[in-house]
Amino acid sequence: MIRQDQQEARSLSLVRSLWRTLIAPNSRFSLGFLLLAGLFAGVVATVGFEWTMHATNTDAFCVSCHELSENALVEFVGTSHHTNKGGVVAGCPDCHVPKEFVPKMARKLRAVGEVYHHILGTIDTPEKYDEHRMWMATRTWDYMTQRDSQECRNCHEEASWDLSQQSEKAREYHAEALENGKTCISCHKGLAHKLPKGIRKDDPIKGVDF
Ligand code: HEC
Ligand code: HEC
Ligand code: HEC
Ligand code: HEC
């Protein structure tokens, strides 16, 4: 007990003297040393942050939870964004996580709810997943609509479309979409996962004039 108190006192005085040195550099630590130490701490923090951002932006991370219910991943496998002729494919974050800094951080913060529901087990069986699907899909459509399908546009640039090379049906709809400023997700639902029961691919989404 006494030893513990002594140890605490010692570490407290160390903290105090470090603090004093920080606010008033003295002969023991030159300002140059302090600046270097600060730079080093900054680099460590940045690398740590970058690492976290990167680690939480991989398919493996998403799937660590989303394969439990065997839905999100299993349904995605074999779709045109998972396997195709040229092998240019999209991963979970490509469609679901913005690339720009601020929206990306906002999306990561929203994921706090995902951790909470993971602990609750809200979608931990295929049956529960299906029951919850309409809610999740609607939330995803709303989000993509608000972002004007920016994540789709990161790969599919409308300005580079050669309508003449598209199928007749695509051409017809896209010409209209370009004219009326419609967004990809208003027509392209269910392209990577099963649709919720009772929804057709071209059903209008709340808030979007289809
Ligand atoms: C800690 C476990 C966990 C991880 C890791 C995780 N999710 Fe989720 N996710 C969930 C749970 C649980 C739900 C249901 C959330 C709810 O009901 O709020 C969910 C819901 C979703 C939804 C639909 C609802 C919404 O808020 O948009 C999407 C899309 C989604 N996750 C994508 C992803 C992607 C992409 C990743 C990787 C970047 C990821 N998730 C990582 C557990 C997780
Ligand atoms: C990482 C890049 C990438 C992202 C992100 C992406 N796509 Fe694609 N998409 C592709 C590629 C590559 C193909 C071509 C696949 C092939 O060769 O058949 C494709 C094919 C398609 C097709 C035609 C095939 C089909 O399944 O009907 C549609 C429609 C489509 N994408 C819509 C979207 C929408 C909507 C989004 C956003 C929710 C999106 N894409 C996000 C790269 C991407
Ligand atoms: C007004 C509805 C509508 C909108 C908005 C729309 N599409 Fe489409 N798109 C279609 C239809 C319909 C097809 C043809 C599907 C078919 O043939 O089964 C199509 C086909 C495609 C194809 C395949 C091309 C081909 O020749 O078959 C791609 C890729 C695609 N869309 C991407 C997008 C992207 C990216 C956006 C947003 C920038 C978008 N679409 C917006 C309706 C739309
Ligand atoms: C090509 C774009 C694309 C890719 C890649 C993609 N998703 Fe999705 N995801 C969507 C869209 C669009 C929705 C909205 C519902 C719909 O239209 O099917 C959605 C919905 C979801 C939902 C809500 C439940 C549902 O079925 O609607 C979850 C959870 C989810 N995605 C997780 C993932 C995970 C995990 C991965 C990687 C294994 C992934 N997504 C890859 C486009 C994508």
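Counting convention: from 1, in listed order, for ligands and their atoms alike. Every heavy atom of this structure was used, including side-chain atoms; hydrogens, water molecules and symmetry mates were not. Predicted, not measured: the structure shown is a model, and the values here were computed from it.
- Near Cys187, meaning under 4.0 Å from any of its heavy atoms, are these atoms of ligand 3: 1 (C), 2 (C), 3 (C), 4 (C), 5 (C), 42 (C), 43 (C).
- Side chain of Arg133 to backbone of Pro196: no donor-acceptor contact under 3.5 angstrom is found.
- Contact check on Asp130 versus Lys194 returns no salt bridge, with no Lys/Arg side-chain nitrogen under 4.0 Å from an Asp/Glu carboxylate oxygen.
- Residue Lys182 has at least one heavy-atom neighbour below 4.0 Å for each of these atoms of ligand 3: 5 (C).
- Atom 8 (Fe) of ligand 3 sits nearest to atom NE2 when only the N, O or S atoms of His174 are considered.
- A side-chain donor from one of Asn154 and Gln150 sits under 3.5 Å from a side-chain acceptor of the other.
- Side-chain contact between His81 and Asp94 is absent, with no heavy-atom pair separated by less than 4.5 Å.
- Asp59 contributes no side-chain N or O that, together with a main-chain N or O of Val63, makes up a donor-acceptor pair within less than 3.5 Å.
- Every atom of ligand 1 with a heavy atom of Thr56 under 4.0 Å away is listed here by number and element: 38 (C).
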Give every pair formed by an N or O atom of ligand 4 and a protein N or O atom closer than 3.5 Å, one pair per line with both atom names and the distance to 0.1 Å, or write none.
residue, atom, partner, partner atom, Å
ligand 4, 7 (N), His96, NE2, 2.8
ligand 4, 7 (N), His193, NE2, 2.9
ligand 4, 9 (N), His96, NE2, 2.8
ligand 4, 9 (N), His193, NE2, 2.9
ligand 4, 17 (O), Trp141, NE1, 2.9
ligand 4, 17 (O), Gly190, N, 2.6
ligand 4, 18 (O), Gly190, N, 3.3
ligand 4, 26 (O), Arg133, NH1, 2.8
ligand 4, 31 (N), His96, NE2, 2.9
ligand 4, 31 (N), His193, NE2, 2.9
ligand 4, 40 (N), His96, NE2, 2.9
ligand 4, 40 (N), His193, NE2, 2.9

Could you walk me through whether Gln146 and Thr183 pass side-chain contact (heavy atoms from CB on, under 4.5 Å), step by step?
CA-CA 10 Å; Gln146 271 168 31; Thr183 198; over 6 Å; no
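- Contact of the His193 side chain with the Thr79 side chain is not registered, since no non-hydrogen atoms from C-beta on lie closer than 4.5 Å.
- His66 is not listed as a side-chain neighbour of Leu73, based on a closest heavy-atom distance of 4.5 Å or more.
- Between Arg107 and Glu100, none of the side-chain N atoms (NZ, or NE/NH1/NH2) sits under 4.0 Å from a carboxylate O, so this pair counts as no salt bridge.
- The atoms of ligand 3 that sit less than 4.0 Å from any heavy atom of Thr183 are 5 (C).
- For the pair Arg107 and ligand 1, a heavy-atom separation below 4.0 Å is found.
- For ligand 3, the polar-atom distance check against Ser167 finds a nitrogen or oxygen pair separated by under 3.5 Å.
- When heavy-atom distances to ligand 3 are checked against a 4.0 Å cut-off, Gln166 comes that close through both its backbone and its side chain.
- Using a 4.0 Å cut-off between heavy atoms, Glu172 makes no contact with ligand 3 at all.
- Taking any N or O of Arg110, backbone or side chain, at least one lies under 3.5 Å from an N or O belonging to ligand 1.
- The distance from ligand 3 to the heavy atoms of Ala177 drops below 4.0 Å at these ligand atoms: 4 (C), 5 (C).
- No donor-acceptor pair under 3.5 Å is formed between the side chain of Arg147 and the backbone N or O of Pro103.
- Residue Trp161 has no nitrogen or oxygen atom sitting less than 3.5 Å from a nitrogen or oxygen atom of ligand 3, judged on distance alone.
- Classification of the His174-Trp161 ring pair by plane angle, with boundaries at 30° and 60°, yields parallel.
- Annotation for ligand 3: atoms under 4.0 Å from non-hydrogen atoms of Glu158 are 38 (C).
- Within the 3.5 Å criterion, the main-chain N or O of Thr56 finds a donor-acceptor partner in the side chain of Lys108.
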